[in-house]
Amino acid sequence: MAVTYPSVAEVLAMPELRQGDPLVVAGRDALDRPVRWVHSMELAADLAPLLRGGELVLTTGIALPAAALDLDGYVRELSDGGAAGLVVELGRRWTRELPAALADACERAGLPLVALRREVPFVAVTQAVGERLVNAQVVELRAAGQIHDVFTALSVAEAGPADILAEAARIAGHPVVLESFRHRVLGYDTGGAPADELLRDWEQRSRRVRLDSRTGYDRRAGWLVTVVGSRGDDWGRLVVLTPQPPPDRHVVLVERAAAALALHRLHARHRDGVERQAHHALLTALRDRGADEELLGRCARAGVPLTDRSLTGVAARPVVRRGRRAFVAADALTGLAAALAAALRDRDVPALVGTDPDDVLALLSLPPDVDAAAVLTAVAAELGAPGDVVLAAGETVHGPRDAGRSLAEAHHVAASVRPEPADGGAAPGPAVHRLADVHLRGLLHLLWDDDRLARFVTRELGPLLRHDAEHGTRLLDVLAALLDSGDKTAAAAALHVSRPVLYDRLARVERILGVDLADPETRTSLHTALLAHRLPVTDRG
C-alpha cells in the first residue's frame, strides 16, 4: 500500500529539523509538497539520475557553484528531478544567509528553499523521516485491515445497502452516495449533513465527473468515485464526497464498500425463497406468452387458480424519501414483496407475488363476487400507500388469457406515477393508481424507449439544459414553475422570487430556446417535453 507522505512543512516541524532553527527563504507556496524521502547530497552536477521524485535534499552547500547562472542551473536540475525542496545548512559555505541568486532561482522554480541556522546531524533527520514513513505505512495497513474486517462482517451478515452506506460514511467521516450509471441516486448516507444540499442537482453534477479508471478522485468536484459491480456487469458508482484528496485508506474503503454492495445485490437475486422465485417465473410467463393449459395447471398447483376467477394485476414500488438515509431499490423491493404477500395472505387472497428489477408484481385471483378495489384499498393502507409505496392496478379481467395484459398495465401505471412524499405539502394522490390517473404522463412512459421521443425532448429543451449545465443556472426550474402552474404569479410564489425577477428569467428562457412563451401551442409542446424529461424511469441492473 502507498504511504500518505508528510509535507515539506510537516518535516520542517519535526524536532530533528526544528533544532536547526529552519528559515524558509523561498518557495513558501510549495511547502505542501509531499516528501517521499530525505537525501543528503553535496554534488552540484548530474543530480537527475540520483533523484526519483519527492526527495527533500539536505546539503551544506560546500560543492555548490558561486556564479548566479550556475546556481540557476543547479536549481533547475533539482526541480526537473522532482525534488520536494532544498535545505541548506549555514556555517560551512555560507555563514549568515544564503545568496540572493539561489533564493531567486528557487522562487522562480517554485522549489522550497530552507536555511538551517544551526547545525543538525543529517543522518538523524534521514532516520526520523524514514521512521515516520514506515509508521505511516503501518497505520495505513492496519486501517486497511480493519476496513476489510468490517465489510467482510457486513457481507457475512447479509447486511443491506443502507447499513453498508452508513458504515462507509462513518469510517470516511464524509457523506456517501450510491448512484446508477444513469446518475440516478439509489441510496445515500449523509453522515448528518443536510440531504437536500447534498443531493441538489445531483444528476447534473455527476455527469461532469468522468474517470479513466475504476477508482479515482476528481479534485474539482471533491469526489472519490469507484465503479460498483463485477467487470462485465457493472451497474453503478459509489461516491465519497471529500473536499480534500483522500488518504489511501479511503480508497480501500470505497472499493471494499462497493464490493459489499455488489455482493449484496448478487445475493438478493437468489434469496427470495423458492416460492418467490416460482411465482416470478409464473408471472413472467403469463406476461410474456399468455396462459396455456400447462401454465394454468402450474398456477393452480401453486395455490393460485386462474379459471373462473376475477384477476387483477398489481405493481408496487417503494417511495424513496430524502432523509439521512435512503433505501436502495433491490433491498426495498425484497421487503416490499414480502409485505405485499403477507398482506394478501392475511386476507386469504390467492396471489402470485414476485419481484422485477423495477417493482413488485402480483396477480390477484378473487371470486367473481369479491370487490378487488376494496381489497386493494385495504392492502394499500397496510403497506403505507400513497406516502411510502406506489401501488398500481391494472384492469380487472375475467379470463386467464387476459392476465398478462392486466399485469403489463399495472407495471405501466406504476412506472408513470410521479409520487409526492408525504411531507405536509401537496395533497397525497390516490392509494391505488389506475390507468385513468396517469393521463399524458402514462402515454409518454409508453413511448420512453422510442428514439423519436428522446429527439423531441432534446429539440425542445436541449439548449436550456446545456445552458444550465454550462453556466450553473436553474432556468429549467423557472420554465417548469410556469408550465406546471400555468400562472406567472403562482410561478413567482413557487420560486420565491418577485414578479420582475421572474419576468427577466422567463425572457432569458425565451432567448435561449428561441420561442414565445405566450403561444399556447409552444407551452403545450414544452410542457410535454418537460414531462418526458422528468419521467421517473427506474434504472435496471
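Just the heavy atoms: all of them, side chains too, but no hydrogens, waters or symmetry mates, feed the values below. Counting from 1, the numbers follow the sequence of the chain as shown.
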(request) Measure from the side-chain N and O atoms of Tyr188 to the backbone N and O of Ala195, and report whether any donor-acceptor pair falls under 3.5 Å. (result) no
(message) Can you confirm whether His174 sits close enough to Pro246 that some side-chain heavy atom of one is under 4.5 Å from a side-chain heavy atom of the other?
(response) no
(message) Less than 4.5 Å apart, side chain to side chain, heavy atoms only: is that true for Val251 and Tyr217?
(response) no
(message) Between Asp468 (side chain only) and Leu476 (backbone N and O only), is there a donor and an acceptor less than 3.5 Å apart?
(response) yes
(message) Would you compute the distance between atom CG of Leu465 and atom CD1 of Ile512 and round it to the nearest 0.5 angstrom?
(response) 10.5 Å
(message) Enumerate the salt bridge (Lys or Arg N to Asp or Glu O under 4.0 Å) contacts for residues 345-355, please, sequence neighbours excluded, ordered by first and then second residue.
(response) Arg347-Glu382
(request) Give a yes or no answer on whether the side chain of His433 reaches the backbone of Ala392 with a donor-acceptor pair at less than 3.5 Å. (result) no
(request) Side-chain contact test, heavy atoms from C-beta onward, threshold under 4.5 Å: evaluate it for Thr152 versus Arg256 and give yes or no. (result) yes
(request) Considering non-hydrogen atoms only, spot the tightest contact between Leu340 and Val360 and give its length. (result) CD2-CG1, 3.9 Å
(message) With side chain to side chain contact (heavy atoms under 4.5 Å, CB included) as the test, pick out the partner of His280 among Asp356, Leu352, Val353.
(response) Asp356
(message) Take a 6.0 Å sphere around CZ of Arg401 and say whether it holds more than 12 heavy atoms from other residues, nucleotides or ligands.
(response) no
(request) Specify the closest pair of heavy atoms between Leu283 and Ala362, including all atoms of both residues, with the distance to one decimal. (result) CD2-C, 4.3 Å
(request) Go through the steps for Leu513 and Leu526 under the test side chain to side chain contact (heavy atoms under 4.5 Å, CB included), then give the verdict. (result) CA-CA 10 Å; Leu513 293 179; Leu526 288 173; 4.1 Å; yes
(message) Under the criterion side chain to side chain contact (heavy atoms under 4.5 Å, CB included), I'd like the reasoning laid out for Glu167 against Asp163: C-alpha separation, chi angles, the key distance, then a yes or no.
(response) CA-CA 6 Å; Glu167 195 63 25; Asp163 292 328; over 6 Å; no
(message) I need the Arg511 CZ to Leu464 CG distance, nearest 0.5 Å.
(response) 12.0 Å
(message) Under 3.5 Å, is there a donor on one side chain and an acceptor on the other for Thr473 and Arg508?
(response) no
(request) Using modelled atom types only, decide if a donor and an acceptor are shared between the side chain of Arg208 and the backbone of Ala469 within a distance under 3.5 Å. (result) yes
(request) Apply side chain to side chain contact (heavy atoms under 4.5 Å, CB included) to the pair Val304 and Leu363, showing each step before the final yes or no. (result) CA-CA 9 Å; Val304 186; Leu363 182 65; 5.9 Å; no
(message) Are Leu286 and Leu306 packed together at the side-chain level, in the sense that at least one heavy-atom pair is separated by less than 4.5 angstrom?
(response) yes
(request) Could you pull out the closest heavy-atom pair between Ala168 and Ala257, with the gap in Å? (result) CB-CB, 4.2 Å
(request) Report the C-alpha distance between Leu361 and His279 in whole Å, list the side-chain angles of each, state the deciding distance to 0.1 Å, and finish with yes or no for side chain to side chain contact (heavy atoms under 4.5 Å, CB included). (result) CA-CA 10 Å; Leu361 284 180; His279 284 198; over 6 Å; no
(message) Determine whether a donor-acceptor pair (N or O, by modelled atom type, separation under 3.5 Å) exists between the side chain of Ser365 and the backbone of Pro305.
(response) yes
(message) Just so I know, are the side chains of Thr522 and Asp516 near enough to count as touching, which here means a heavy-atom distance under 4.5 Å?
(response) no
(message) If I take atom OG1 from residue Thr312 and atom CZ from residue Arg434, how far apart are they, to the nearest 0.5 angstrom?
(response) 7.0 Å
(message) Around atom CD of Glu521, are there more than 12 heavy atoms from other residues, nucleotides or ligands closer than 6.0 Å?
(response) no
(request) Rounded to the nearest 0.5 Å, what's the gap from CG on Leu506 to CG on Leu475? Could you check? (result) 9.0 Å
(message) Less than 4.5 Å apart, side chain to side chain, heavy atoms only: is that true for Ile171 and Phe151?
(response) yes
(message) Applying ring pair (Phe, Tyr, Trp, His ring centres under 6.0 Å) as the test, list every pair that has at least one member in residues 470-499; sequence neighbours left out.
(response) His467-His471
(message) Using every non-hydrogen atom in the two residues, find where Pro368 and Ser310 come nearest and quote the distance to one decimal.
(response) CA-OG, 3.4 Å
(message) I want to check something: taking the side chain as every heavy atom from C-beta on, are Arg499 and Thr489 in contact at a cut-off of under 4.5 Å?
(response) yes
(request) Mind listing the closest non-hydrogen atom pair of Ala315 and Asp359 along with its distance? (result) CB-OD2, 3.9 Å
(request) Hey, could you give me the OG1/CG distance between Thr226 and Leu261, rounded to the nearest 0.5 Å? (result) 10.5 Å
(message) As an exercise, state the distance from CD of Glu460 to CG of Leu530, rounded to the nearest 0.5 Å.
(response) 11.0 Å
(request) Decide yes or no for His250 and Pro247: does some side-chain heavy atom of the first lie under 4.5 Å from some side-chain heavy atom of the second? (result) yes
(message) Donor-acceptor pair, distance only, cut-off 3.5 Å: does the side chain of Glu510 make one with the backbone of Leu517?
(response) yes
(request) Report the C-alpha distance between Arg200 and Glu197 in whole Å, list the side-chain angles of each, state the deciding distance to 0.1 Å, and finish with yes or no for salt bridge (charged side-chain N to carboxylate O under 4.0 Å, His left out). (result) CA-CA 5 Å; Arg200 184 178 297 120; Glu197 181 178 341; 5.6 Å; no
(request) Provide the closest heavy-atom pair for Val240 versus Ala172 in the form atom of the first, atom of the second, distance. (result) CG1-CB, 4.1 Å
(request) Please indicate whether Asp201 has more than 12 foreign heavy atoms, meaning atoms of other residues, nucleotides or ligands, lying under 6.0 Å from its CG. (result) yes
(request) Say whether, by atom type as modelled, one donor and one acceptor occur between the side chain of Ser406 and the main chain of Thr396 under 3.5 angstrom. (result) no
